[in-house]
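For reference, the structure is listed below as structure tokens.
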Amino acid sequence: MELLRLMGLCVLCLLPVLALRKTAPEQALLLTLAVLAMAAARCLAAAAPALEELRALFDRAGVDGAHVSILLRTLAASLVTRLCADLCRDGGSQALASTVEMAGAAAALLIALPLLRDVTNLLMGYFG
């Protein structure tokens, strides 16, 4: 039900954004940012119980909490990267969008580096 409300909010705000884009593009971008912030806050609130369930599942499976944290931070970085790149495209700058996507890929690699290190150590112990 929450998803339907968010979709409805986005569709309702699409008409003013399209109308403003012709006369005041900066105001259209600000309205888009406001709707995006509100939708992101509601998504985070709705996802909190699912994240707790995910943590409980990983705990039962014996997966280290730090590894779960790395996965969730990588997911967050990818979502933020996607939203920022889309906003850049909306603002008419493909070059900025590509730069944001490259920065997001580098951030994801840096976030996941400890996990990659642990996997490498595990493999070296297995084959060594």
Taking distance alone, no hydrogens or angles, what donor-acceptor pairs closer than 3.5 Å link side-chain atoms of residues 56-65 to residues at least two apart or in another chain?
from	atom 1	to	atom 2	distance (Å)
Asp64	OD1	Ala66	N	3.4

**Asked** Can you pull the side chain to side chain donor-acceptor pair (under 3.5 Å) pairs that have at least one residue in residues 8-19, sequence neighbours excluded?
**Response** none
**Message:** I need the minimum non-hydrogen distance between Thr74 and Ile70, along with the two atoms involved.
**Reply:** OG1-O, 2.8 Å
**Asked** What distance separates Met102 CE from Thr81 OG1, expressed to the nearest 0.5 Å?
**Response** 12.0 Å
Distance-only donor-acceptor hits, side chain of residues 10-18, under 3.5 Å, sequence neighbours excluded:
none

**Complete:** Besides Leu75, the hydrophobic cluster formed by Ile, Leu, Val, Met, Phe, Trp and Tyr side chains linked at under 4.5 Å, directly or via other members, contains Leu79
**Message:** Suppose we screen for side-chain hydrogen bond (donor to acceptor under 3.5 Å, both in side chains). Which residues come up paired with Gln27, at least two apart in sequence or across chains?
**Reply:** none
**Spacing of SG belonging to Cys88 relative to CG belonging to Leu29, to within rounding of 0.5 Å** = 9.0 Å
**Asked** Do Leu87 and Val100 share a hydrophobic cluster, counting only Ile, Leu, Val, Met, Phe, Trp and Tyr and linking them when any side-chain heavy atoms are less than 4.5 Å apart?
**Response** no
**Message:** Tell me which pairs pass salt bridge (charged side-chain N to carboxylate O under 4.0 Å, His left out) where either residue lies in residues 14-24, with sequence neighbours left out.
**Reply:** Arg21-Asp90
**Message:** Suppose we screen for side-chain hydrogen bond (donor to acceptor under 3.5 Å, both in side chains). Which residues come up paired with Glu53, at least two apart in sequence or across chains?
**Reply:** none
Which pairs would a plain distance check flag for residues 32-42, meaning a side-chain donor or acceptor within less than 3.5 Å of a matching protein atom at least two apart in sequence or in another chain?
from	atom 1	to	atom 2	distance (Å)
Thr32	OG1	Ala28	O	2.8
Arg42	NE	Glu2	OE2	2.8
Arg42	NH2	Glu2	OE2	3.0

Under 3.5 Å, sequence neighbours excluded: what are the donor-acceptor pairs made by side chains of residues 103-120?
from	atom 1	to	atom 2	distance (Å)
Asp118	OD2	His67	NE2	2.7
Thr120	OG1	Leu116	O	2.8

**Message:** Please tell me whether Leu44 and Leu72 are part of a single hydrophobic cluster in this structure, the criterion being side-chain heavy atoms less than 4.5 Å apart.
**Reply:** no
**Prompt:** By side-chain contact (heavy atoms from CB on, under 4.5 Å), which residues pair with Gln94, not counting sequence neighbours?
**Reply:** Arg89, Ser98
**Request:** Count the heavy atoms of every other residue, nucleotide or ligand shown that sit under 6.0 Å from CZ of Arg82, and state whether that count exceeds 12.
**Result:** no
